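Here the structure is laid out as structure tokens; the discussion comes afterwards.
Order of listing sets the numbers, starting from 1, for every ligand and every atom in it. Just so it is clear, the structure is predicted and the values come from calculations on it, not from any experiment. Numbering starts at 1 and runs along the sequence shown. All heavy atoms count here, side chains included; hydrogens, waters and symmetry mates do not.
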Amino acid sequence: MITEDYKALDARYYMPANTRDMMLVRGRGSRVWDDKGNEYIDCVAGIAVCSTGHCHPAVVKAICDQAQELIHCSNLYYVPHQAELAERLVGITGFAKAFFSNSGAEANEGALKLARISTGKKKFIAFNHGFHGRTMGALSVTYKPAIREPFLPLEPACTFVDYGDLDGLMAAVDDQTAGVIVEPIQGEAGVLIPPDSFFEGIRECCDEHDALMIVDEVQTGMGRTGKWLGIEHTGVKPDIVTLAKGIASGFPMGALVARDGLEFKKGEHGSTFSGGPIACAAALATIDVIEAVLPDVPAKGEQFHKALAAYNPRSRGLMIGVTLGDRCAEVRDTCREHGVLINCAADGNLRLVPPLVITPEEIETATGVLRAAID
Ligand SMILES: *Cc1c(COP(=O)(O)O)cnc(C)c1O
């Protein structure tokens with residue numbers, strides 16, 4: 001499929017951890033182009049990363065302007081835009097303080113460390129089919145046996161409970177539990193949405209045992225579900241929230257925000273690149289763009305949901321899942337042939353996480369292609 005020379009170069013020199021057979025070379029808004037010049041409506045968006053669309057002019061300008069001034073300076077010094085971004089994130093999420101990282105997995109590493117150091121306890125609870133990243137700590141709370149078990153034994157010790165099972169949770173949490181980590185909607189599992197009462201129950205259970213409730217909003221956060229945070233739909237207030245994917249429009253960045261009283265003290269955590277000037281500038285510009293489009297996200301999500309109603313979609317805002325079983329890959333490939341990119345998450349679940357700036361016309365075209373492919 002892709003330029004044969006490039007494919008050969010990759011096969012010869014790049015470790016074969018990924019599965020891929022096409023190359024994207026350009027993007028604008030909700031459209032991307034491959035190396036053959038074919039145009040696609042992008043309902044993958046870097047897997048929920050490019051929420052402002054590809055190469056949004058305001059984000060490009062913020063990155064270029066900062067790159068002309070200072071690319072890196074180390075956290076030995078105050079970093080341009082870092083505190084402004086912390087103020088902005090605290091403002092939109094309602095937490096007390098922020099800390100930055102370079103990815104979603106690293107944001108979760110930070111959350112696990114913060115939970116351990118502030119509770120003095122070591123054990124974690126996570127959920128079956130949950131995904132929190134592939135670094136050692138984040139992997140230890142990630143469910144999928146195929147990606148976790150080759151790396152056992154892992155720290156911290158983690159017990160897995162069925163997603164949505166409060167009785168199971170209550171049986172698993174004890175006074176040694178430092179925290180419970182949960183996604184508001186399971187993304188990699190295929191867009192699984194539990195009832196609000198599940199999150200109320202987790203909150204109560206954590207309070208009872210002095211454990212921290214960590215909500216992984218790496219995929220659901222930054223406006224994806226129609227609110228800044230997915231957990232806002234439930235009214236439950238966690239102790240720590242982690243963010244990444246959509247936060248800086250594709251410039252690598254992650255963050256955690258925590259309630260009052262939970263913070264890293266001197267020397268407890270850090271990273272060379274975390275909260276660097278360009279990442280923070282990109283995130284600030286991204287937040288401005290998302291703020292402007294956020295009011296339209298519920299209606300756009302509704303448009304997807306209605307157009308796909310015949311296939312029992314699960315959706316909140318612009319995070320949409322449809323169970324297709326064995327046919328998922330075939331439907332994905334047919335859509336691609338007709339100019340629409342979609343993604344298969346786990347267990348035959350089609351996942352759509354388009355840019356939040358996608359237009360009603362693009363939604364109409366994309367869902368028309370998808371319906372035809374399924375039928
Ligand atoms: C993608 C994802 C992660 C991992 O983020 P990386 O940036 O790939 O490390 C963690 N949690 C959730 C819910 C995710 O969707």
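- Atoms of ligand 1 found under 4.0 Å from any heavy atom of Ala105 (numbered from 1 in listed order, with element): 4 (C), 5 (O), 6 (P), 9 (O).
- Test Ile342, Val340, Thr334 against Leu370 for side chain to side chain contact (heavy atoms under 4.5 Å, CB included) and you get one pass: Ile342.
- Classification of Glu330 and Arg327 as a salt-bridged pair holds, one side-chain N sitting under 4.0 Å from a carboxylate O.
- At the shortest separation from atom 1 (C) of ligand 1 among protein heavy atoms lies Lys245 NZ, 1.4 Å.
- Side-chain atoms of Asp34 come within 3.5 Å of backbone N or O of Asn38 as a donor-acceptor pair.
- Residue-level proximity to ligand 1 for Ala244 is absent, since no heavy atom of it falls below 4.0 angstrom.
- Summarising the contacts of atom 10 (C) of ligand 1 with Glu217, Arg134, His132, the nearest heavy atom is found in His132.
- Residue Phe131 places at least one N or O, backbone or side chain, under 3.5 Å from an N or O of ligand 1.
- Considering backbone and side-chain atoms together, Glu106 places no N or O closer than 3.5 Å to any N or O of ligand 1.
- Electrostatic pairing of Asp175 and Lys121 does not count as a salt bridge here, judged by no charged N lying under 4.0 Å from a carboxylate O.
- Ionic pairing of Glu188 and Arg351 is present here: one or more N-O contacts between side-chain nitrogen and carboxylate oxygen are shorter than 4.0 angstrom.
- In this structure, atom 5 (O) of ligand 1 lies nearest to the protein heavy atom Gly104 CA, 3.3 Å.
- Taking any N or O of Glu183, backbone or side chain, none lies under 3.5 Å from an N or O belonging to ligand 1.
- Between Gly133 and ligand 1, no pair of N/O atoms sits closer than 3.5 Å.
- Nearest approach of Val241 to Phe95, heavy atoms of both residues: CG2-CZ, 3.7 Å.
- Of all the heavy atoms of Asn108, the ones lying under 4.0 Å from any atom of ligand 1 belong exclusively to the side chain.
- The presence of a protein heavy atom under 4.0 Å from atom 8 (O) of ligand 1 is ruled out.
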In a table with atom names and distances, give each donor-acceptor pair under 3.5 Å that connects a side chain of residues 243-262 to protein atoms at least two apart or in another chain.
{"residue": "Ser249", "atom": "OG", "partner": "Thr52", "partner atom": "OG1", "Å": "2.7"}
{"residue": "Ser249", "atom": "OG", "partner": "Thr286", "partner atom": "OG1", "Å": "2.7"}
{"residue": "Arg259", "atom": "NE", "partner": "Asp239", "partner atom": "OD1", "Å": "2.7"}

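- Remark: side-chain polar atoms of Gln219 are not paired, donor with acceptor, to backbone N or O of Ala48 under 3.5 angstrom.
- The protein non-hydrogen atom at the shortest distance from atom 11 (N) of ligand 1 is Asp216 OD2, 2.7 Å.
- Counting heavy atoms of neighbouring residues, nucleotides and ligands inside a 6.0 Å radius, atom CZ of Phe151 does not exceed 12 of them.
- Less than 4.0 angstrom separates some heavy atom of Ser103 from each of these atoms of ligand 1: 7 (O), 9 (O).
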